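Questions regarding the structure given below will be posed in turn.
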Amino acid sequence: MKFSNVLVQWYLQNKRDLPWRQTSNPYKIWLSEIILQQTRVDQGMVYYFKFIEHFPTVFHLAKASEEEVLKLWQGLGYYSRARNLHFSAKYIVNELKGHFPSSYIQILKLKGVGDYTASAIASICYNEATAVVDGNVYRVLARYFGIATPINSTKGIKEFKLLAQKLLNPTISGTHNQAVMEFGARMCKPQNPDCEICPLNESCVALQKQIVKTLPVKEKKLTIKKRYFNYLVVQTPNNKTIIEKREKGIWINLYQFPLLESAHEIDVNQLITSEKFDKLFGKLNTSVKLFNQTMVVHKLSHQHIYTKFWIINIPNSAKFSLNWDEIKRFPVPILIDNFLNEYKSN
DNA sequence: TACACGTGGTC
DNA sequence: TGACCAAGTGT
C-alpha cells in the first residue's frame, strides 16, 4: 500500500483544480472522460465547458441532432467519440430512463466506453474498485517497477492491468486512480520527468537502473501514408457553392468540398479531365484556379494529406445552391476550416 | 491482431 | 524537424 499512499498524498497536495473534479455527477464525469481520451487537458477544457453549457444533462444531449453535436466537437478530433457519445446519451435516456449505469460492467456497455473509461467512471462516481490503465499508468508502473513488457502487446495489457489492480487502494478507488494519472501527467512525464524531486525516487527501479528514458516500451512504430486531396471549391457569380458529407474513413459525417483524391500530385489538366470533374460540371463553362501555390500538408497520426484547393468559377446553376455564409453551420475538419478562414480574407 | 481514427504540444 | 505522445476505442 506504500505505492498508493505516497501517490495519493502527493495528489492531494498537488492536484490541479479541474472542473470535473468538483462533481461526482456521472454524466459530467463521463463527458470529461470521453473528451480526455487521447487528448490533453488544456485542449479538452474549452470543449468540456461548451458541452456542459449546451447540454447540461444527458436529456439535453439525447435530444440534440448528431450534426449539432459534431459541430460543437469540431476541432477536437477523433469524431467517432462525439457520435458514440450522442448515441449512448440516447441509449441512456431511452433504454435506461435517464439513469446512468452504475457499475463497471454496465458502464462498459456504452458505445465509446472501453476498459479505461468504464474503470474511471465506476471508481470516481461509484467508488467501485476498478483500476484505470491509461498512458500515464503504463508509464508510471513501467518505470517504477522496471517493466519492459511492451505496453501495446496483449501480454503487456494484461500484465499492467493486473498490477494496477493489485496496487489499487479499494477504499479510495477514484482518488487513487486519479492520483496515478495526475502523477504521470505532472511528475513522471514522458520526457524530462522530475526524478530529482519525485516522492518515489528512492524505490524507483528505472531510476536506479538508469533506464527511465527507455520506459515504457512500445512495439513498432507505424508508417505514415501519403494521400493527395484535391478539393473542388465552387464559386458562382451569385456567391453560391456546394459541399458534401463524408461517408467513410477519416472525418466521417463531417462536411467538405467535393473531393478528388489521387495517388499522386496532379495538375490542372489531370483535374479537369477527371471523372469527378466531369460528373460535377459536365459541359458547363468553368475557369479553374489553384488557390494555394504550395500544397497544404495536413498531418494526422497515420497519414499526411497533401491538399490543393481548386477554385472553380462557374455560372449560376441550381446545382450549386449553398450560400457561402451557411457553410459555417456545418461541422467541417480543421483542414477545411483553415481554408475557409483564408478564403474569406482574400 | 493490427490498424484506423484528429489535433496540437514538445523537444 | 521529424518523431513521439496525449485521461483509448472500435472493428
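For clarity, every value in this text was computed on a predicted model and none was experimentally measured. A note on names: the letters A, B, ... follow the listed sequences, proteins ahead of strands, and every chain is numbered from 1.
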Practice task
Describe the nucleic acid contact of A:Lys299 in one word from base, sugar-phosphate, nothing, applying a heavy-atom distance below 4.0 Å.
Solution key: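 A:Lys299: base contact, heavy atoms under 4.0 Å.
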Practice task
Select from A:Pro190 and A:Asp115 the residue whose nearest nucleotide in DNA chain C is closer to the 5' end of that strand.
Solution key: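 Result of the comparison: A:Pro190.
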Handout entry: Rounded interatomic separation in angstrom, taking CG from A:Asn253 and P from B:dC5
Key =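 The answer, rounded to whole Å, is 13 Å.
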Practice task
Check each of A:Phe339, A:Phe229, A:Phe291 against A:Phe309 using the ring-ring contact (aromatic ring centres under 6.0 Å, His included) test, and report the only one that passes.
Solution key: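 Of the listed options, the one satisfying the test is A:Phe339.
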Problem - Under 4.0 angstrom between A:His298 side-chain N/O and B:dT7 OP1 or OP2 - result: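 Answer is yes, contact under 4.0 Å.
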Handout entry: Any A:Gln38 side-chain nitrogen or oxygen under 4.0 Å from OP1 or OP2 of C:dA6
Key =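 No, because none of the side-chain N or O atoms of A:Gln38 sits under 4.0 Å from OP1 or OP2 of C:dA6.
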Handout entry: DNA chain B contacts made by residues 119-129 of chain A, counting heavy atoms under 4.0 Å
Key =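 Of all residues in residues 119-129 of chain A, none places a heavy atom under 4.0 Å from DNA chain B.
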Practice task
Whole angstrom is fine here: how far is it from CD1 in A:Ile252 over to P in C:dT11?
Solution key: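 Rounded to the whole Å, the gap is 11 Å.
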Practice task
Mind checking A:Gly249 for me? I need base, sugar-phosphate or nothing, with any heavy atom below 4.0 Å counting as a touch.
Solution key: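 Sugar-phosphate only.
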Handout entry: Phosphate OP1/OP2 of B:dA4: any A:Trp251 side-chain N/O under 4.0 Å
Key =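 The answer is no; no side-chain N or O of A:Trp251 sits under 4.0 Å from OP1 or OP2.
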Practice task
Indicate, with a heavy-atom threshold strictly under 4.0 Å, whether A:Val132 touches base, sugar-phosphate, or nothing.
Solution key: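 Counting heavy atoms under 4.0 Å across all strands, no contact is made by A:Val132.
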Practice task
Name the nucleic acid region contacted by A:Gly44, choosing base, sugar-phosphate or nothing; use a 4.0 angstrom heavy-atom cut-off, strictly under.
Solution key: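 No contact.
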Handout entry: Under 3.5 Å: donor-acceptor pair, side chain of A:Asn230, backbone of A:Glu261
Key =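 Checking the backbone N and O of A:Glu261 against the side chain of A:Asn230, no donor-acceptor pair under 3.5 Å is found.
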Exercise for the section: Looking at every strand, decide which applies to A:Asp42 at a 4.0 Å heavy-atom threshold: base, sugar-phosphate, or nothing. Expected result: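 Answer is nothing: A:Asp42 stays at 4.0 Å or more from every strand.
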Practice task
Side-chain contact test, heavy atoms from C-beta onward, threshold under 4.5 Å: evaluate it for A:Gln256 versus A:Tyr231 and give yes or no.
Solution key: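 Yes - at least one pair of side-chain heavy atoms lies under 4.5 Å apart.
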Handout entry: A:Asn239 side-chain N/O to A:Gln235 backbone N/O, donor-acceptor pair under 3.5 Å
Key =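 Not a single qualifying donor-acceptor pair exists.
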Exercise for the section: Determine whether A:Ser173 and A:Thr130 make a side-chain contact, defined as any pair of heavy atoms from C-beta on separated by less than 4.5 Å. Expected result: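 A side-chain contact under 4.5 Å is absent here.
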Handout entry: side-chain N/O A:Arg81 vs B:dG6 OP1/OP2, d < 4.0 Å
Key =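 For B:dG6, OP1/OP2 do not have a side-chain N/O of A:Arg81 under 4.0 Å.
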Practice task
Give one of base, sugar-phosphate or nothing for A:Leu85, where a contact means two heavy atoms less than 4.0 Å apart.
Solution key: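 Nothing, no heavy atom under 4.0 Å.
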Exercise for the section: Have a look at A:Gln178 and say if it touches a base, only the backbone sugar-phosphate, or nothing, with a 4.0 Å heavy-atom cut-off. Expected result: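 Nothing: the residue A:Gln178, judged by heavy atoms under 4.0 Å, touches no strand.
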Handout entry: Spacing of A:Ile157 atom CD1 relative to B:dC3 atom P, expressed in whole Å
Key =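 Rounded to the whole Å, the gap is 14 Å.
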Handout entry: Most 5' of A:Ser153 and A:Gln37 on DNA chain B, judged by nearest nucleotide
Key =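 Nearer the 5' end of the strand: A:Ser153.
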Handout entry: Distance in angstrom units between A:Arg227 CZ and B:dC3 P, rounded
Key =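 Going from CZ in A:Arg227 over to P in B:dC3 covers 16 Å.
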Problem - Carboxylate-amine/guanidinium contact A:Lys226 A:Glu265, below 4.0 Å - result: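 Looking at A:Lys226 and A:Glu265, the cut-off is not met.
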Practice task
Quick one: label A:Trp73 by what it contacts on the DNA or RNA (base, sugar-phosphate, nothing), any heavy atom closer than 4.0 Å.
Solution key: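 Counting heavy atoms under 4.0 Å across all strands, no contact is made by A:Trp73.
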Exercise for the section: Would you mind classifying the nucleic acid contact of A:Thr154 as base, sugar-phosphate or nothing, using non-hydrogen atoms under 4.0 angstrom? Expected result: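 Since only primed, P, OP1 and OP2 atoms lie under 4.0 Å of A:Thr154, the category is sugar-phosphate.
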Problem - Nucleotide C:dC4, atom P - distance to CD of A:Gln191 in whole Å - result: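 One finds 11 Å between P of C:dC4 and CD of A:Gln191, rounded.
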Practice task
Could you check how far CZ of A:Arg186 sits from P of C:dA7, rounded to whole Å?
Solution key: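 Result: 11 Å.
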Handout entry: Separation of C:dG10 P from A:Tyr78 OH (nearest whole Å)
Key =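 Checked: the OH to P distance equals 13 Å.
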Practice task
May I ask you to check whether A:Trp251 and A:His298 place their ring centres under 6.0 Å from each other?
Solution key: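 Here the rings of A:Trp251 and A:His298 have centres that are less than 6.0 Å from each other.
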Exercise for the section: Using atom CZ of A:Arg139 as one end and atom C1' of C:dA7 as the other, report the distance to the nearest whole Å. Expected result: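 Rounded to whole Å, this separation is 11 Å.
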Exercise for the section: Taking the six-membered ring for Trp and the full ring for Phe, Tyr or His, determine whether the centres of A:Tyr144 and A:Phe3 are under 6.0 Å apart. Expected result: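 Ring centroids of A:Tyr144 and A:Phe3 are less than 6.0 Å from each other.
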Handout entry: Residue whose closest nucleotide on DNA chain C lies nearer the 5' end, A:Thr117 versus A:Gln43
Key =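 Nearest nucleotide further toward 5': that of A:Gln43.
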